[in-house]
Engineer: 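If you scroll down you'll find the structure; I have some questions about it.
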Amino acid sequence: MTAPPVAADGLVKHYGERVALDGLSLRVGQGEVVGLLGPNGAGKTTTVKILLGLVAPTAGHAELFGLPVTDPAARRRVGYLPEQFRFPGWMTGAGLLDLHGRLAGLDAAVRTEHAAEVLDLVGLRGRERERIGGYSKGMQQRIGLAQALVGNPDLVILDEPTSALDPIGRRDVRDIVRTLRARGTAVVLNSHLLSEVEMVCDRVAIVDRGRLVRSGRLDELVGGALELRVRLDRIDGRALDLLGGHGEVVASEGTEVLLLADDPAAIADLAAELVGAGYGLLALVPLQRSLEEVFVELVRAGDRDGGAA
């Protein structure tokens, strides 16, 4: 069986008396986009540094493609965009990509061809001869993303890749991430913009106080029972009985009812039953929880419980 791009088990990291990671485990499969989420100080940056071989764990083990994270053969297959990056202002965009191409071991012809490809991908074609010091914040973010893609890495780690971008730029990054996934490239995406994560990630891993508090596919995390807001022309005992046959009526006010549905797939059946019984169906609105609601709920629960030591 092919080793996964990321396999981390029981990662612990102490900085003196402070516990940055407390037994964190993480898996990322080929072609999978995983969102690494957590409040400031949760341990996300420490996790990324360990995966890149920049920091040694106090305990636990991490591998990239079945190799230790410190093995150069594994690290050559990784592209990385840090949240805080600084490129020489005197260097041009083309010069930066050529430098990273040489570091990736590409020959001159391949470097030129590949630079043109990634510049097209990030929307900077035609601006590569300009000095990076003259780039706007958004352009600097784009050239940073371009250097992370040099060499067609099999794993790309992006730390806040949309932080300096406008809505069009954020959409472009989402398209790039989807392109990488289609190529079979694994992506670890660290972002505070949970709406962005919802749109591109296959799975999320929520970290709090150095622990992995929840991990799973988005539909698993925000799924479960579905709340429905139902508004009829009238509410009576018969209507409540029909609604109760499809879930739990948790609130009723005037002609509007909040229903916790047992089976989201049976919403059409509920509508047909209400109309068939002679009720005027004025509204039937699903109220699905968002990733942000799940995230806040988990972090606040950790605050109440006192969190990890």
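Scope of the values below: all heavy atoms of this structure, side chains included, with no hydrogens, waters or symmetry mates. These figures come from a predicted structure and were not determined experimentally.
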Engineer: Are Leu155 and Val188 packed together at the side-chain level, in the sense that at least one heavy-atom pair is separated by less than 4.5 angstrom?
Structural biologist: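 SC-SC contact between Leu155 and Val188 confirmed.
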Engineer: Decide if atom CD of Glu113 counts as having more than 12 heavy atoms of other residues, nucleotides or ligands within a radius under 6.0 Å.
Structural biologist: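 Check fails, neighbour count at 12 or below.
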Engineer: Heavy atoms, side chains only, cut-off 4.5 Å: are Val173 and Leu145 in contact?
Structural biologist: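 They are in contact (side-chain heavy atoms under 4.5 Å apart), so the answer is yes.
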Engineer: Are Leu180 and Val33 linked, directly or through intermediate hydrophobic residues, by side-chain heavy-atom contacts shorter than 4.5 Å (ILVMFWY only)?
Structural biologist: yes
Engineer: According to salt bridge (charged side-chain N to carboxylate O under 4.0 Å, His left out), who are the partners of Arg131, at least two apart in sequence or on a separate chain?
Structural biologist: none
Engineer: My understanding is that only residues two or more places apart in sequence, or in another chain, count here; which of them pass side chain to side chain contact (heavy atoms under 4.5 Å, CB included) with Ala251?
Structural biologist: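 Counting only residues at least two positions away or on another chain, Ala251 forms a side chain to side chain contact (heavy atoms under 4.5 Å, CB included) with Leu258.
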Engineer: Hey, what do you get for CG (Leu21) to CG (Leu11), rounding to the nearest 0.5 Å?
Structural biologist: 6.0 Å
Engineer: Going by the rule side chain to side chain contact (heavy atoms under 4.5 Å, CB included), which residues pair with Asp107 if we only count those two or more places apart in sequence or in a different chain?
Structural biologist: Ala109, Val110
Engineer: Leu36, Ile176: one ILVMFWY side-chain cluster at the under-4.5 Å cut-off?
Structural biologist: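 Looking at the clustering, Ile176 is in a separate group from Leu36.
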Engineer: Of the non-hydrogen atoms in Val34 and Cys201, which two are nearest, and what is the gap between them?
Structural biologist: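 Answer, listing the atom of Val34 first, then Cys201: C-SG, 4.0 Å.
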Engineer: Could you please spell out the steps behind the side-chain contact (heavy atoms from CB on, under 4.5 Å) verdict for Leu240 and Leu242?
Structural biologist: CA-CA 5 Å; Leu240 292 174; Leu242 288 172; over 6 Å; no
Engineer: Nearest 0.5 angstrom please: Asp22 CG to Arg211 CZ, how far?
Structural biologist: 4.5 Å
Engineer: Under the salt bridge (Lys or Arg N to Asp or Glu O under 4.0 Å) definition, can you give me all pairs with a residue in residues 180-189, not counting sequence neighbours?
Structural biologist: Glu117-Arg183, Arg181-Asp202
Engineer: Can you tell me which residue pairs pass the side chain to side chain donor-acceptor pair (under 3.5 Å) test with a partner in residues 232-245, sequence neighbours excluded?
Structural biologist: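 Side chain to side chain donor-acceptor pair (under 3.5 Å) check on residues 232-245 returns Asp236-Tyr279.
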Engineer: Kindly list each side-chain donor-acceptor pair under 3.5 angstrom involving residues 44-55, sequence neighbours excluded, with atom names and distances?
Structural biologist:
unit_1 : atom_1 : unit_2 : atom_2 : d
Lys44  : NZ     : Gly38  : O      : 2.8
Lys44  : NZ     : Pro39  : O      : 3.2
Thr47  : OG1    : Gly43  : O      : 2.8

Engineer: Taking all heavy atoms of Asp208 and all of Ala42, pick out the closest pair and write down the distance.
Structural biologist: CA-CB, 4.0 Å
Engineer: Would a single hydrophobic cluster contain both Leu270 and Val249, if residues Ile, Leu, Val, Met, Phe, Trp and Tyr are joined by side-chain heavy-atom contacts under 4.5 Å?
Structural biologist: yes
Engineer: Hey, any chance Ile143 and Leu158 share a hydrophobic cluster, counting ILVMFWY side chains that come within less than 4.5 Å of each other, even indirectly?
Structural biologist: yes
Engineer: Measure across Pro153 and Gly79 and return the closest heavy-atom pair with its distance rounded to 0.1 Å.
Structural biologist: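 So the two residues come closest at CB-N, 3.4 Å.
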Engineer: Could you pull out the closest heavy-atom pair between Ser215 and Leu212, with the gap in Å?
Structural biologist: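 Smallest heavy-atom distance, with atoms named: CB-CD2, 3.9 Å.
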Engineer: Identify, with sequence neighbours excluded, every residue that meets side chain to side chain contact (heavy atoms under 4.5 Å, CB included) alongside Asp9.
Structural biologist: Ser25, Arg27
Engineer: Apply side-chain contact (heavy atoms from CB on, under 4.5 Å) to the pair Met199 and Arg178, showing each step before the final yes or no.
Structural biologist: CA-CA 10 Å; Met199 284 187 271; Arg178 293 180 182 119; 4.0 Å; yes
Engineer: Could you report the tightest heavy-atom contact between Leu243 and Leu259, atom names first, then the distance?
Structural biologist: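 Closest heavy-atom pair between Leu243 and Leu259: O-CD1, 3.4 Å.
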Engineer: Might you point out which heavy atoms bring Pro161 and Asn190 nearest each other, and give the distance in Å?
Structural biologist: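 The pair with the smallest heavy-atom distance is CD-O, 3.8 Å.
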Engineer: Under 3.5 Å, sequence neighbours excluded: what are the donor-acceptor pairs made by side chains of residues 80-100?
Structural biologist:
unit_1 : atom_1 : unit_2 : atom_2 : d
Thr92  : OG1    : Gly95  : N      : 2.9
Asp98  : OD1    : Arg111 : NE     : 2.8
Asp98  : OD2    : Arg102 : NE     : 3.2

Engineer: Quick one: are Asp269 and His246 in side-chain contact, heavy atoms under 4.5 Å?
Structural biologist: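 Touching, per the 4.5 Å side-chain cut-off.
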Engineer: Only pairs at least two apart or in different chains count here, so list each salt bridge (Lys or Arg N to Asp or Glu O under 4.0 Å) that has a residue in residues 133-143.
Structural biologist: Arg142-Asp172
Engineer: Quick one: does Leu282's side chain get under 4.5 Å of Leu232's, heavy atoms only?
Structural biologist: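 Counting from C-beta outward, Leu282 and Leu232 never come under 4.5 Å.
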Engineer: If we only count heavy atoms from C-beta on, is the Ser252 to Ile235 side-chain gap below 4.5 Å?
Structural biologist: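 A side-chain contact exists here, since the closest heavy-atom pair is under 4.5 Å.
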Engineer: Treating Ile, Leu, Val, Met, Phe, Trp and Tyr as nodes and any side-chain heavy-atom pair under 4.5 angstrom as an edge, say whether Tyr135 and Val118 lie in one connected cluster.
Structural biologist: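 Yes, Tyr135 connects to Val118 through the hydrophobic network.
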Engineer: Taking Glu128 for the side chain and Gly126 for the main chain, is one N or O donor matched with an acceptor at less than 3.5 Å?
Structural biologist: yes
Engineer: How would you list all residue pairs meeting salt bridge (Lys or Arg N to Asp or Glu O under 4.0 Å) that involve residues 150-160, not counting sequence neighbours?
Structural biologist: Arg77-Asp154
Engineer: Between OG of Ser191 and CG of Leu37, what distance do you get to the nearest 0.5 Å?
Structural biologist: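 CG of Leu37 is found 8.0 Å from OG of Ser191.
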Engineer: If you round to the nearest 0.5 Å, how far is CG of Leu149 from NE2 of His114?
Structural biologist: 7.0 Å
Engineer: Given Leu189 and Val200, is the side-chain contact (heavy atoms from CB on, under 4.5 Å) satisfied, shown in steps?
Structural biologist: CA-CA 9 Å; Leu189 175 62; Val200 297; 3.7 Å; yes
Engineer: So, using side chain to side chain contact (heavy atoms under 4.5 Å, CB included) as the criterion, who are the partners of Arg171 when residues are at least two apart?
Structural biologist: Ile168, Arg174, Asp175
Engineer: Run Val230 and Leu274 through side-chain contact (heavy atoms from CB on, under 4.5 Å) and show every step you take.
Structural biologist: CA-CA 10 Å; Val230 183; Leu274 290 168; 4.2 Å; yes
Engineer: Is the backbone N or O of Met139 less than 3.5 Å from a side-chain atom of Ser136, with the two atoms forming a donor-acceptor pair by type?
Structural biologist: yes
Engineer: Can you confirm whether Phe65 sits close enough to Thr2 that some side-chain heavy atom of one is under 4.5 Å from a side-chain heavy atom of the other?
Structural biologist: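 Heavy-atom side-chain distance check fails, nothing below 4.5 Å.
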Engineer: Could you check if a side-chain atom of Val6 sits within less than 4.5 angstrom of a side-chain atom of Ile157, using non-hydrogen atoms only?
Structural biologist: no
Engineer: Spell out, as yes or no, whether a donor-acceptor pair under 3.5 Å connects the side chain of Lys13 to the backbone of Val19.
Structural biologist: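 Not at all, since once roles are kept as given, no pair shorter than 3.5 Å links the two residues.
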Engineer: Is it true that a side-chain atom of Gln141 and a backbone atom of Gly138 form a donor plus acceptor pair closer than 3.5 Å?
Structural biologist: no
Engineer: Test: side chain to side chain donor-acceptor pair (under 3.5 Å). Region: residues 53-62. Which pairs qualify, not counting sequence neighbours?
Structural biologist: His61-Glu63
Engineer: Kindly compute the distance separating CZ (Arg229) from CG (Leu284), expressed to the nearest 0.5 Å.
Structural biologist: 10.0 Å
